[in-house]
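The structure appears right after this line, and notes come after that.
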Amino acid sequence: MSVLIIVFLTAVIALFSGVFEQGKFARYIGILGLIIALYVSFMPECSFFDQYKHMYEYSANTALFTKLAIVTTLLLFFLGGFAFSNHRSHQSELYALMLFALCGGIVLFGYQNLVTMFLGVEILSIPLYVMAGANKTDLRSNEASIKYFLMGAFATGFLLFGIAFIYGSAGTFDLYRIHDFGVANTGNVMFILGVLLILCALAFKVALAPFHMWSPDVYAGSPSLITAFMASVVKISGFFALFRLMTIGFVGVTHEWINVLGVFLIITLLLANVMGLAQTNAKRMLAYSSVSHAGYIGLVFFGMTSLSTYNLAFYLFAYSLSTVGVFMCLIWVEKLKRETSFGAFKGLAKTEPLLATAAAISMLSMAGVPLTAGFMGKFALFSQAMNGAAFLVLVAVLGSALSIAYYLRLIIAMFFFKESTFKSSEKVTLTYNIIAVVVIVLIIILGIFPDLFARMFGL
């Protein structure tokens with residue numbers, strides 16, 4: 001909880017920096033606060049917070065996923081100086097909202113009952129509704145905001161209805177008591193209905209088909225840095241919340257929800273990758289890519305072992321790194337060309353080879369090409385799922401094969417055009433080059449030496 005308080009106070013200070021017309025410092029305030037929070041996350045939790053363990057517990061798994069979310073947010077903050085250059089009048093609000101959303105994610109990493117989970121989901125979601133519409137003069141951004149808000153309201157209704165059914169049947173909000181009730185009452189219809197309603201609500205949050213309808217339009221219309229935040233930090237938060245709920249609270253009725261989840265994954269893997277092939281816009285293609293990765297991550301629920309949580313963390317970190325690498329390139333191209341079609345990237349490698357290389361390696365990692373972190377993440381999840389759902393793994397492999405095609409289209413546009421459409425005077429900032437090197441090195445090192453992940457995060 002110490003980390004949560006630090007991130008919250010950082011968000012408040014960043015927000016009030018705009019009141020005193022010092023919004024340009026909000027990013028530096030956020031970076032400093034996140035570095036402090038990351039340092040504190042490696043330390044034992046203060047014993048003072050033990051009294052709140054029935055609501056929120058900072059366990060080893062909570063610490064691990066908190067570190068993942070903070071590191072990813074920190075990388076995105078470094079990209080913010082260039083990405084938010086046209087939001088000078090309200091930069092402080094955007095950075096503060098990102099930090100408030102991160103607070104919601106941190107709550108989801110350690111919740112102990114359904115009330116805390118609901119608070120975490122809403123604290124995470126409400127800032128996103130606002131940030132999606134940050135480009136006030138862009139109709140697509142306005143559409144993204146209202147569509148996300150309306151669909152999110154429906155998902156919240158499902159979530160609250162499900163929680164009501166769970167409380168009505170089990171008589172408690174506590175995860176471990178719900179677990180005991182589920183084990184003892186496997187045939188309780190009200191309880192099972194509540195489980196399925198909550199599963200549908202959280203499937204919306206992580207963009208699992210058929211609850212993914214909002215994501216292509218919202219991802220495409222939102223400012224690109226916010227889209228990167230949704231595709232990485234929000235996915236980390238949403239999936240661990242779902243994983244924690246299903247493997248602790250609802251494990252007693254696993255046979256009732258696991259097949260439903262399996263159907264969601266099949267639809268997700270096939271639909272998202274086929275739709276990705278049909279895209280001509282890189283940002284929209286990455287939106288469908290994010291949906292497809294929700295399908296790969298969902299394999300963690302099948303054939304679960306003692307390493308499932310670790311496999312989930314590794315995959316989410318590898319995917320988040322790749323997301324930062326691709327969106328860093330997309331942000332720069334979008335600023336110069338004011339569009340994100342595949343044609344806008346033609347010849348980028350001749351002008352900015354480091355940026356193009358980071359994006360290419362990131363997409364190869366997303367596709368699961370060997371010697372990348374993404375390959376090791378997929379290998380771990382696929383190997384685990386083979387023990388319980390071989391057919392799902394086959395569908396996932398097919399989806400991965402399809403994804404290579406649309407990733408290659410962007411790579412070909414960047415590397416295999418003789419003439420560059422970028423002027424030689426337009427150069428990437430030093431910060432972007434440094435982050436590009438960091439992303440390239442981490443993706444390759446974790447692809448060759450995956451055990452370094454445990455050392456990096458103090459496991």
Distance col, row Phe301:CZ vs Leu392:CG, nearest 0.5 angstrom, shows 12.5 Å

side-chain contact (heavy atoms from CB on, under 4.5 Å) evaluation trace for Leu75 with Met328: CA-CA 10 Å; Leu75 290 173; Met328 175 174 55; over 6 Å; no

Sort out for me which residue in Gln384, Met376, Met304 forms a side-chain contact (heavy atoms from CB on, under 4.5 Å) with Asn311. Gln384

side-chain contact (heavy atoms from CB on, under 4.5 Å) assessment of Asn433 paired with Val437: CA-CA 6 Å; Asn433 281 327; Val437 171; 5.7 Å; no

Any sub-3.5 Å donor-acceptor pair from Ser403's side-chain atoms to Asn273's backbone N or O? no

Using a distance-only test with no angle check, is there a side-chain donor-acceptor pair under 3.5 angstrom linking Tyr148 and Ser215? no

Taking the side chain as C-beta and beyond, is there a heavy-atom pair between Val300 and Thr309 under 4.5 Å? no

With a 6.0 Å cut-off on the ring centroids, do Tyr319 and Tyr296 count as close? no

Could you tell me if the side chain of Lys350 sits less than 4.5 Å from the side chain of Met414, heavy atoms only? no

Ser383 side chain vs Ala380 backbone, donor-acceptor pair below 3.5 Å: no

Could you walk me through whether Phe109 and Leu64 pass side-chain contact (heavy atoms from CB on, under 4.5 Å), step by step? CA-CA 9 Å; Phe109 297 143; Leu64 172 59; over 6 Å; no

Please check if the side chain of Arg27 supplies one atom and the backbone of Tyr95 the other of a donor-acceptor pair under 3.5 Å. no

Exercise: identify the closest heavy-atom pair between Val206 and Ala294: O-CB, 3.4 Å

Contact check, side chains of Lys235 and Thr323, non-hydrogen atoms, under 4.5 Å: no

Minimum heavy-atom separation for Pro223 to Lys283, with atom names? C-NZ, 4.0 Å

Is the closest side-chain donor-acceptor distance between Thr227 and Ser224 under 3.5 Å? no

Contact summary for Leu68 and Thr72, nearest pair of heavy atoms: O-OG1, 2.9 Å

Check ring pair (Phe, Tyr, Trp, His ring centres under 6.0 Å) between Phe118 and all other residues, then give those that pass, not counting sequence neighbours. none

Would a distance-only check, ignoring hydrogens and angles, find a side-chain to backbone donor-acceptor pair under 3.5 Å from Tyr432 to Leu79? yes

Any Ile106 side-chain heavy atom under 4.5 Å of Thr62 side chain: no

Kindly compute the distance separating CE (Met366) from OG (Ser289), expressed to the nearest 0.5 Å. 5.0 Å

Could you grab the distance from atom CE of Met117 to atom OH of Tyr56, nearest 0.5 Å is fine? 15.5 Å

Would you mind reporting whether Tyr58 and Thr66 have side-chain heavy atoms less than 4.5 Å apart? yes

Provide the closest heavy-atom pair for Phe382 versus Ser400 in the form atom of the first, atom of the second, distance. CZ-OG, 4.2 Å

For Ile297 and Leu316: C-alpha separation, side-chain torsions, deciding distance, then whether side-chain contact (heavy atoms from CB on, under 4.5 Å) applies. CA-CA 8 Å; Ile297 298 167; Leu316 285 169; 3.6 Å; yes

Pair Asn281-Thr340, side-chain donor/acceptor within less than 3.5 Å: yes

Quick check with a 6.0 Å cut-off and a 45 degree axis cone: is Lys67 positioned over the face of Phe42's six-membered ring? yes

Students often mix this up, so state it plainly: with edges at 30° and 60°, are the rings of Tyr219 and Trp214 parallel, tilted or perpendicular? perpendicular

With sequence neighbours excluded, what pairs up with Arg284 under the salt bridge (Lys or Arg N to Asp or Glu O under 4.0 Å) test? Asp217

Considering only heavy atoms from C-beta outward, does the side chain of Phe345 approach that of Cys329 to under 4.5 Å? yes

Restricting to salt bridge (Lys or Arg N to Asp or Glu O under 4.0 Å), what partner residues turn up for Glu339, sequence neighbours left out? none

How far does CD1 of Ile29 sit from CG of Leu99, to the nearest 0.5 angstrom? 10.0 Å

Kindly compute the distance separating CG (Leu452) from CD1 (Ile445), expressed to the nearest 0.5 Å. 7.0 Å

Tightest non-hydrogen contact, residues Leu354 and Ala436, listed as CG-CB, 4.0 Å

In a table with atom names and distances, give each donor-acceptor pair under 3.5 Å that connects a side chain of residues 236-244 to protein atoms at least two apart or in another chain.
unit_1	atom_1	unit_2	atom_2	d
Ser237	OG	Val233	O	3.0
Arg244	NE	Tyr111	O	2.8
Arg244	NH2	Tyr111	O	3.2
Arg244	NH2	Gln112	OE1	2.3

With side chains defined as the heavy atoms from C-beta onward, is the minimum distance between Leu446 and Phe314 less than 4.5 Å? yes

Ser322 and Ser365 side chains, donor-acceptor separation under 3.5 Å: yes

Contacts of Val40 meeting side-chain contact (heavy atoms from CB on, under 4.5 Å) (sequence neighbours excluded), chain-then-number -> Ser2, Val3, Ile6, Ile36

Lys378 to Tyr315 six-membered ring, cation-pi geometry met (6.0 Å, 45°): no

So, the side chain of Ser145 versus the backbone of Asn142: is there a donor-acceptor pair under 3.5 Å, distance only? no

Kindly check if the number of other-residue, nucleotide or ligand heavy atoms within 6.0 Å of CZ (Phe415) is above 12? yes

Tightest non-hydrogen contact, residues Leu208 and Gly295, listed as CD2-N, 4.1 Å

Kindly check if the number of other-residue, nucleotide or ligand heavy atoms within 6.0 Å of CZ (Phe342) is above 12? yes

Ring centres under 6.0 angstrom apart (Tyr129, Phe149): yes

Supply the atom-to-atom distance Leu199 CG to Leu245 CG, rounded to the nearest 0.5 angstrom. 9.0 Å

Angle between ring planes, His293 versus Tyr407, binned at 30° and 60°: parallel, tilted or perpendicular? tilted

Between Tyr288 and His212, a side-chain donor and acceptor under 3.5 Å: no

For Phe317, give me all partners under ring pair (Phe, Tyr, Trp, His ring centres under 6.0 Å), at least two apart in sequence or on another chain. Phe453, Phe457

Check whether any side-chain heavy atom of Ser125 lies under 4.5 Å from a side-chain heavy atom of Lys205, and answer yes or no. yes

